[in-house]
Structure formats: structure tokens, C-alpha cells
Amino acid sequence: MGFRRNLGVAACLLLLVVLVSGSVIVAARPPPQPLCEVCTDDVVSGSDVESSMVTINIDKDGVGHWTVKLDTRADSSVDPSAVQSAADDALRGHRGESDPRNFSMTARGNAVVLTYDVPRMGHRSAGGVLVVDYFHAQGEDGRWYGVNADRVVVTGPQGDTLARAPAAHRLNETAIALDGTYSDSFDRTISPGWYLTFAEDGGIHSSVASQLAVGLDIAQLKGEAVPETVAVPTVLLAACLALRNRLRGAFADASTRGLLAFLGVTAGLGVASGLALGLAGATFTLVLSASILAPLVALSVGLIAIQYALLTGRLGVGIDARWLVRAGVAVAVVALIGAPLVAGSLGPMARGYGSAVAVVTAMLFVPLALAQQRSVQWLLTGVILLSPLFVTVGWAPYGSYADLYAPAITALWALITALLGSVAYAIGRSRRPMSTETGSVP
């Protein structure tokens, strides 16, 4: 009965890993920006507009040619000069440009037509694919768009095929269509993870090139978060690995009270570091820690406890230490293989990978302590040192305001992982088989 009960506990822990794997650093998102900046009441009052149609044609160089047609009511009184001035003000500073290029406005009968060009809506990438990243948040303060026109149609270069687009909005093989509400940015919004790609043909080659092009773009965005997020956690884990034998002796010789005091002091240092961010920063950091790190750390402790129970036979079954080493090697190999795949992807899979690495890193210290083969020791050590990079690759890009707090959260995770890893290493060394054959297969 005890064995079955412990297996049930282990199964619950594994289930928690799956459930928590969707955790990711999040922050308050600013309101959506209007996709059509001239489709607002400041330019033409909504009470005067019967319907609005926006056509965006993106040429081979990634420049978007916008045509905004506003059909007005028969009894509306639209002042062309006022519309011209208001539209010019609305477009100023558009996406980093001082002004969109080639802006013009005509008012004939019951229609107002505005045209302008927006540079850098897309760029050429692998295989000649045109990647339209205009709709993607790109980690820039959580930018995302609301469809504030009745109809928006996006097309690519003449002769190109739409290789990647949200299926729900695909109009045909060359265009997408978005429905919204004039002057209302909140009624319909565009997912901040949108990418569009256009290719010369719709064959398998273009499909593969499209996926590669988007992956490279995402990897580049994630790379921007790497230096400041990874530096401190890597140093903390490197220090832990360099001093692990001394730490092992300290943990082995310390009393329970001394060990708890050590952990308490370290936790106090973490809290003090958070307070250094200021009251608002510390509060936000603590909220993130509670929502993200607490469940991840709990799972790490559970996995280490399972390893300890298996080594000591407390689960009612004896297990050779070599099986734990092999399990650790398997986890390390999966982490290494998964990193390049996740680097170019977004969504639950990437977040799950980052969270899973955050959970299992401390667990790897047990097989590291048990391993007798140098190649295995180097593999496990390398994955532990690379784990901050893997976590960042899974969680980034952060967007919104989370990029300000991500380094602090990741550093706190590394500090806790180093402490748990030291305990795990002490457990492993205390159960390591006595052998001087460093070249034997574990």
C-alpha cells in the first residue's frame, strides 16, 4: 500500500509539472493601439461614417501602401481641410517614422479617401520569403492592435502566395481580411503573436522557408533579452558548481537548525534585493515570485525528495544509483535538443520548455553527484550552466513591462536553484558508490 501511495504522489507531481509548465512572466498590458490611425473620431466623426474600408498592399520591399476609404452619410458635413489636418496629426510619429510617406487625401461626394505608405511593415528573410512582422508585438512595450475599421484587407506583392496567415482570417491564397468596428479599438483585436509570410509559390519549399524565416525572426527577438537576463543567474550557478564540494561539507556537517538558519539568511538576502527595487518594484517582484517561482520551486523540491526516497529505499523499492544518473542524462539531452527548436517558437510549447527547465535544473545536482564518468559529469555541468539561457529562450520575449523585472526574477530563481542544488548534491554524494574508476559507465 505504501509503495502505491508513493507512486500516486509521484504521479501527482508529474501532473503538476505539466500544469505549471504554462507559467510565464507576464505584466499589465497597455491598451490596444488603433490599427488604422486615421479611422478615429478625431479625423472623421463616427456619426458621419456609414462604412470604412482599409486596403493594405505590401510590396516586395516590405513597404505597406495604405488606402483608407470612408463612406459618409448623405447629410454629413465633412470639412476636407479639417480632415487633412487631423489625419496628418494622427499619422505623425507612426511606427518610428516622422511621418508616413506620400500622404494624400481626397474628398469627393460621399467618400473620403486617404492614402499613405508605411515603411518596414515586412522584410525579406530565408528563401526569399517576405516576413510581415508589423502585426507582431516584437516585445516593444506589449504593442498590439485593435481593428478600428469595418473591413481591413491585407495583400502581398503581386504574384506572391500567402504562405502563413491565421486560418480564420484568410480571404484567399493571396490576402487576409479583418472585420472590426470603425473608431473602436477594443471591439476586435489582433493577437500580438501574428506573423504573415508571402512567398513566390505555395509549394513545400516555400512552406519550409516560411517557418524558418519566422523562426529566425522570433529567435532574434528572444536574443535581445539574453544578455541582461542570463548573466547574473549563470554566475550564481557557476559559483555554486565551483564551490559544491565545500557546500556539500557545510550541509553535511550542519545541524538542522543551522541549515534552516542558512536558508533563512539567504532568503532574506533575496528579499533585501527585491526591496532595493523600491516599494512598487518589490511588490511587483514578490507577486511575480509568488505566481511563477513558488510552484516551480515546489516541484523542484518534490523531484529532489523523490530522488532521495529512491536512493534510500523509502519508496519501498531499491534502485541502483546508476538509474538516477541515466535519468539525469536523459533530461539533460532533451534540454539540449529542445533549445534550438524552442528558440524560434512562441506559445505554450516554448513557455512549457522554459518552465520545465526551471524545475529540473536543481534535480540534476543529484545525478551530477552520483556520476563517475567524466563525460557525464561534463554534460550535466554544462546543462546546469546553460539552464538560465534555456529558461530565457523559453520565456522570452517578455514584452510590456516584464522585461524590467525578468532579470530579477530569473536571478532569484537561480539563487534558489543553487541552494536546492547544494542540498541535492549533498544527498547524492552521501549515497555515491565508493569507486575510483572515473571512466566506468554509470
Side-chain angles (χ1 to χ4, degrees), residues 17 20-26 138-139 212 214-244 270 288-289 292-293 296-297 299-300 303 328-365 367-368 375-399 402-422 424-425:
V17 170
V20 178
S21 64
S23 299
V24 67
I25 297 178
V26 294
Q138 300 182 23
L212 177 60
V214 172
L216 290 174
D217 204 77
I218 294 173
Q220 182 179 357
L221 293 176
K222 290 185 175 184
E224 297 173 0
V226 166
E228 61 180 353
T229 308
V230 169
V232 172
T234 302
V235 170
L236 288 172
L237 292 175
C240 176
L241 289 168
L243 301 173
R244 62 184 183 272
L288 286 179
S289 299
I292 298 174
L293 296 185
L296 299 181
V297 170
L299 291 173
S300 295
L303 291 176
V329 169
V331 169
V333 170
V334 170
L336 287 172
I337 294 175
L341 300 176
V342 169
S345 64
L346 298 170
M349 184 183 77
R351 295 194 298 268
Y353 171 84
S355 299
V357 171
V359 169
V360 302
T361 299
M363 179 202 90
L364 293 179
F365 280 84
L368 176 62
S375 60
V376 173
Q377 294 172 358
W378 280 110
L379 172 64
L380 296 173
T381 300
V383 170
I384 291 172
L385 285 176
L386 289 173
S387 61
L389 174 62
F390 296 162
V391 170
T392 301
V393 162
W395 285 351
Y398 305 113
D403 56 347
L404 300 175
Y405 298 92
I409 296 298
T410 312
L412 182 57
W413 162 78
L415 177 63
I416 296 172
T417 298
L419 292 173
L420 294 177
S422 299
Y425 192 79

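Listed by chain and number, the residues in a side chain to side chain contact (heavy atoms under 4.5 Å, CB included) with I416 are V297, L412, L420 (sequence neighbours excluded). For T417, the side-chain hydrogen bond (donor to acceptor under 3.5 Å, both in side chains) criterion is met by W413, not counting sequence neighbours. For V235, the side chain to side chain contact (heavy atoms under 4.5 Å, CB included) criterion is met by no residue, not counting sequence neighbours.
A donor-acceptor pair is defined here as one N or O able to donate and one able to accept, closer than 3.5 Å; no such pair exists between the side chain of S355 and the backbone of G352. At distances below 3.5 Å, at least one donor-acceptor pair connects side-chain atoms of S300 with backbone N or O atoms of V359.
Here the straight-line distance linking atom CG of L237 with atom OG1 of T381 works out to 11.5 Å at 0.5 Å rounding. Atom CD1 of I384 and atom OG1 of T234 lie 12.5 Å apart (nearest 0.5 Å). Interatomic distance, T410 OG1 to L389 CG, rounded to the nearest 0.5 Å: 11.5 Å. Atom-to-atom distance recorded for L415:CG and L293:CG is 10.5 Å, nearest 0.5 angstrom. Here the SG atom belonging to C240 is positioned 4.0 Å from the CZ atom belonging to F365, to the nearest 0.5 angstrom. Of the inter-residue distances, the one linking L364 atom CG with Y425 atom OH reads 13.5 Å to the nearest 0.5 angstrom.
Contact detail for M349 and S345: the closest heavy-atom pair is CE-OG, 3.4 Å. Nearest heavy atom pair, residue L296 against residue A358, reads CD1-CB, 4.0 Å. Across all their heavy atoms, T229 and P407 have their closest contact at OG1-CG, 4.1 Å. When every heavy atom of L346 is checked against every heavy atom of A396, the shortest pair comes out as CD2-O, 4.4 Å. Nearest heavy atoms, G394 versus V342: CA-CG1, 4.0 Å. For the pair A332 and L380, the tightest heavy-atom approach, listed with the atom from each and the gap, is CB-CD2, 4.1 Å.
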Exercise. Passes side chain to side chain contact (heavy atoms under 4.5 Å, CB included), L336 versus L386? Steps please.
Worked result: CA-CA 9 Å; L336 287 172; L386 289 173; 4.2 Å; yes

Problem set entry | Verdict with reasoning, T361 to V357, per side chain to side chain contact (heavy atoms under 4.5 Å, CB included) | CA-CA 6 Å; T361 299; V357 171; 3.8 Å; yes

For this session: Please assess I218 against K222 for the test side chain to side chain contact (heavy atoms under 4.5 Å, CB included), listing each intermediate value before the final yes or no.
Result: CA-CA 6 Å; I218 294 173; K222 290 185 175 184; 3.9 Å; yes

